[in-house]
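Sequential numbering from 1 along the given sequence is applied to the chain's residues.
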Amino acid sequence: MRRAVRRCGVAKLVPMWPVKEFRNTIFNAVVAGELDARECTFDYDDAKARITHVPSGSSFLIEHGQTSSYLTTAFVGDLSPFQLEAAIWPTVEERVERWARDVKRDVDTPDLWAEVQAEREIFTGDSFVDDDNSSFSQDEQAEIVEQVRVIKVFVQTSHVHDDAQWRSIEAKLDYIQEAAGRIGRKDWWLLVLGVMFELIATGLLPPNAVRDIITAAFHALGHLFKMPPPMLPPSF
């Protein structure tokens with residue numbers, strides 16, 4: 001699979017990537033590495049070719065080496081670039097596949113410290129990037145009504161033990177729902193946090209249930225606030 005021309009007595013590789021057959025081998029190597037090729041781009045010119053995994057920013061660069069070889073550089077997440085020469089094209093393919101596997105593993109590995117910080121911000125209201133306290137629109141209020149309904153189902157089926165307990169919890173959830181129509185969005189989220197912690201303090205719900213409710217509510221309604229996307233998945 002090698003193509004080379006000789007200039008001044010030194011063999012130099014002609015780039016393979018402009019040829020569809022070789023571009024397809026790169027595509028197949030990405031797929032073999034279990035990375036979604038639809039999330040990748042492939043750009044090239046006569047001197048180099050680069051595969052980029054767009055969501056993560058990781059990339060794989062293929063260039064000509066100093067002699068009759070290819071120079072490959074793998075960029076994966078926060079790791080330092082890893083550069084190696086490859087004398088033959090099949091070695092390039094193997095390294096593309098290895099890069100794809102490394103990127104897949106990096107993407108699938110959670111950033112535990114970042115998740116702890118994200119959870120802390122969710123529970124304190126610090127996720128707001130500004131002081132937007134505008135009113136909810138009618139459509140946004142309808143989303144809140146639906147989320148409160150989901151929370152009620154979760155609580156009633158998983159944590160309610162008697163009618164008195166349910167009436168107290170339901171009243172607080174109804175209060176949260178009603179408040180969305182009369183106060184600003186930042187004040188509303190802080191109200192939600194206050195009510196949720198009151199449920200813990202009064203013994204109506206255990207802390208783990210309240211944590212699940214807050215996380216799920218943020219996951220479902222976070223787009224209504226000027227907050228970054230939630231990093232924690234819903235627990236129900």
Side-chain angles (χ1 to χ4, degrees), residues 36 38-39 54-56 77 104-236:
D36 189 344
R38 293 169 297 185
E39 296 181 345
V54 177
S56 68
K104 181 71 163 56
R105 182 169 56 251
D106 179 68
V107 170
D108 290 346
T109 300
D111 187 335
L112 299 179
W113 285 111
E115 289 190 359
V116 167
Q117 178 62 25
E119 182 176 348
R120 182 180 299 116
E121 291 174 354
I122 290 172
F123 276 71
T124 60
D126 290 340
S127 292
F128 288 92
V129 297
D130 63 20
D131 292 323
D132 179 17
N133 201 30
S134 59
S135 299
F136 291 113
S137 68
Q138 291 298 316
D139 288 343
E140 289 172 335
Q141 290 180 47
E143 290 188 58
I144 290 172
V145 169
E146 172 59 19
Q147 184 58 26
V148 171
R149 185 195 67 78
V150 171
I151 291 172
K152 285 181 177 179
V153 172
F154 166 69
V155 171
Q156 196 168 25
T157 57
S158 304
H159 295 283
V160 171
H161 303 295
D162 57 60
D163 291 341
Q165 178 193 18
W166 171 241
R167 285 194 298 271
S168 297
I169 295 172
E170 185 179 32
K172 294 184 183 300
L173 294 177
D174 287 341
Y175 175 65
I176 287 173
Q177 179 177 306
E178 178 271 332
R182 58 179 174 80
I183 63 176
R185 62 191 67 219
K186 182 173 183 178
D187 288 343
W188 182 81
W189 182 252
L190 296 176
L191 172 68
V192 169
L193 295 177
V195 170
M196 290 297 109
F197 290 127
E198 184 180 350
L199 290 174
I200 296 175
T202 56
L204 289 171
L205 284 176
N208 65 306
V210 170
R211 179 188 181 280
D212 287 348
I213 290 170
I214 294 176
T215 302
F218 188 91
H219 181 87
L221 301 174
H223 66 284
L224 303 184
F225 310 92
K226 292 185 177 178
M227 300 178 177
M231 297 185 66
L232 298 175
S235 299
F236 59 92

### Test salt bridge (Lys or Arg N to Asp or Glu O under 4.0 Å) applied to Asp106 - qualifying residues, sequence neighbours left out
none
### Task
Any chance you could measure Phe218, atom CZ, to Leu224, atom CG, to the nearest 0.5 Å?
10.5 Å
### Message
Side chains of Ile200 and Met196, heavy atoms from C-beta outward: is any pair under 4.5 Å?
### Response
no
### Query
Going by heavy atoms in the side chains, are Ile176 and Lys172 under 4.5 Å from each other?
no
#### Entry: Test item: Arg185 side-chain N/O and Asn133 main-chain N/O as donor-acceptor pair under 3.5 Å
no
## Note on the structure
Between Glu39 and Pro55, the two heavy atoms sitting closest are O-CD, 3.4 Å
### Glu178 CD to Ile144 CD1 distance, which is reported to the nearest 0.5 Å
11.5 Å
### Message
Looking at Gln165 and Leu204, would you say the former's side chain and the latter's main chain have a donor-acceptor pair under 3.5 Å?
### Response
yes
### Task
Answer whether the closest heavy-atom distance between the side chains of Leu199 and Ile213 falls below 4.5 Å.
no
### Query
Sequence neighbours excluded, which residues qualify as salt bridge (Lys or Arg N to Asp or Glu O under 4.0 Å) partners of Asp108?
Lys104
### Task
Please report the closest heavy-atom contact between Pro206 and His159, naming both atoms and the distance.
CG-ND1, 3.9 Å
### Query
Among all residues two or more places apart in sequence or in another chain, which pass the side chain to side chain contact (heavy atoms under 4.5 Å, CB included) test with Ile183?
Ala179, Asp187, Trp188, Leu191
### Task
With sequence neighbours excluded, tell me which residues meet side chain to side chain contact (heavy atoms under 4.5 Å, CB included) with Lys152.
Val148, Trp166, Glu170, Leu173, Asp174
### Query
Residues in side chain to side chain contact (heavy atoms under 4.5 Å, CB included) with Ala201, at least two apart?
none
#### Entry: Partner residues of Val54 under the side chain to side chain contact (heavy atoms under 4.5 Å, CB included) criterion, sequence neighbours left out
Thr41
